Number of protein chains: 2
Amino acid sequence: MGVSTADGPTARFDAFVASCPSRRLLETIGDKWASLVIVALGLEGRMRYSELSARIAGVSQKMLTQTLRGLERDGLLTRTVTPSVPVRVDYELTPLGLSLIETLRHLKEWAEAHMAEVDRAREEYDRKNDSAGRS
Amino acid sequence: MGVSTADGPTARFDAFVASCPSRRLLETIGDKWASLVIVALGLEGRMRYSELSARIAGVSQKMLTQTLRGLERDGLLTRTVTPSVPVRVDYELTPLGLSLIETLRHLKEWAEAHMAEVDRAREEYDRKNDSAGRS
DNA sequence: CAGGATCCTCTATGATACTG
DNA sequence: CAGTATCATAGAGGATCCTG
């Protein structure tokens with residue numbers, strides 16, 4: 001972030017932003033693929049790599065792997081390798097990951113209750129700024 | 001996203017991802033500056049552009065303006081211009097924006113309750129993969 | 001004071017090819 | 001099957017200059 005000296009007026013900001021637990025949580029679940037993986041595993045329980053890849057169609061192999069590694073590192077899911085002939089790998093939410101599902105449901109509830117209002121606000125905003133644009 | 005034909009196996013994915021209300025909410029609050037603006041306004045009530053700029057130190061003027069426009073468009077905050085001699089602009093959360101604060105508190109609670117566990121998981125993960133790296 | 005308009009630079013992510 | 005490694009690129013975001 002191009003901050004020159006370590007101290008100064010940005011120090012407080014860095015602390016606020018980077019170390020705040022809420023901020024870090026938002027960075028995790030705000031990630032498109034991460035949240036989709038969590039939700040998928042929350043619904044299906046245990047899934048293989050290929051199943052996740054199919055369920056979350058559109059994710060590239062690289063992103064899926066990268067996301068899974070991150071979530072594993074955070075202790076949100078476990079990775080189980082079965083050394084069969086073609087190797088088999090299963091992913092499953094940990095209790096920690098499962099507890100996060102609860103929180104995601106709160107988000108979902110707000111979204112389902114209010115996103116229609118957001119849409120209306122957008123339409124109105126766009127209508128104003130499209131027709132009566134700036135002088 | 002480089003999807004060729006409109007139908008096919010990716011169609012369900014697109015619908016799932018792009019139009020899902022939860023997904024869209026996550027895209028809003030998952031944005032670093034947007035969530036910081038919402039929280040700041042939630043704490044302070046009404047703030048001027050310059051106050052926000054100071055409070056959320058580190059945000060560029062471009063990003064702050066862009067973020068505020070987006071939140072205004074979504075109906076989460078109002079922008080009030082007072083045509084005094086140097087013009088004065090105030091931002092304030094709408095009831096819709098305020099209701100979102102409630103939801104953010106759930107996130108905060110999970111974060112404060114569980115992020116320490118995430119940290120421990122990370123340390124353990126890193127310890128394993130640093131020393132006993134791959135063969 | 002509160003932005004608008006530009007330019008420029010990284011970073012995140014996708015596509016592709018290869019492997020145990 | 002479940003990845004790893006590499007290359008290429010769009011776009012997010014910062015710095016800077018300018019204005020009503």
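Per chain, numbering begins at 1; letters A, B, ... match sequence-line order. This is a predicted model, so every value here is computed, not measured.
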Is it true that [X] and [Y] have a side-chain N and a carboxylate O under 4.0 angstrom from each other?
X	Y	value
A/Arg24	A/Glu27	no
A/Glu124	A/Lys128	yes
A/Glu123	A/Arg120	no

Check the distance between [N]'s [atom2] and [X]'s [atom1] and give it to me in whole angstrom.
X	N	atom1	atom2	answer
A/Met47	D/dC1	CE	P	15 Å
A/Glu27	C/dT11	CD	P	15 Å
B/Lys32	D/dG13	NZ	C1'	10 Å
B/Leu52	C/dG3	CG	P	10 Å
B/Leu68	C/dG4	CG	C1'	14 Å
A/Leu64	C/dG14	CG	P	11 Å
B/Arg88	C/dG3	CZ	P	12 Å

- Kindly say whether, by distance alone, the side chain of A/Gln66 makes a donor-acceptor pair under 3.5 Å with the base of C/dA12? no
- Query: So, does the side chain of B/Gln61 form a donor-acceptor pair with the base of D/dG13 at under 3.5 Å?
  - Reply: no
- Query: Are side-chain N/O atoms of B/Ser53 and B/Arg48 paired as donor and acceptor at under 3.5 Å?
  - Reply: no
- Query: How bent is the helix from C/dC1-D/dG20 to C/dG20-D/dC1, comparing axes over its five end pairs at each side, to the nearest 10°?
  - Reply: 50°
I want to check one thing: is the phosphate of [N], taken as OP1 and OP2, less than 4.0 Å away from some side-chain N or O of [X]?
X	N	result
A/Tyr49	D/dT4	no
B/Arg48	C/dC1	no
B/Ser50	C/dC1	no

- Task: List the steps and the verdict of side-chain hydrogen bond (donor to acceptor under 3.5 Å, both in side chains) for A/Arg88 and A/Thr80.
- Result: CA-CA 8 Å; A/Arg88 171 194 178 110; A/Thr80 310; over 6 Å; no
- Query: To the side chain of B/Met63, which of D/dA2, C/dG3, D/dG13 is closest?
  - Reply: D/dG13
- Task: Hey, which sits more toward the 5' end of DNA chain D by its nearest nucleotide, A/Arg69 or A/Lys62?
- Result: A/Arg69
- List the steps and the verdict of side-chain contact (heavy atoms from CB on, under 4.5 Å) for B/Asp74 and B/Leu96. CA-CA 9 Å; B/Asp74 287 349; B/Leu96 185 61; over 6 Å; no
- Message: Quick one: does any side-chain atom of A/Thr67 pair with a main-chain N or O of A/Ala34 as donor and acceptor, under 3.5 Å?
- Response: no
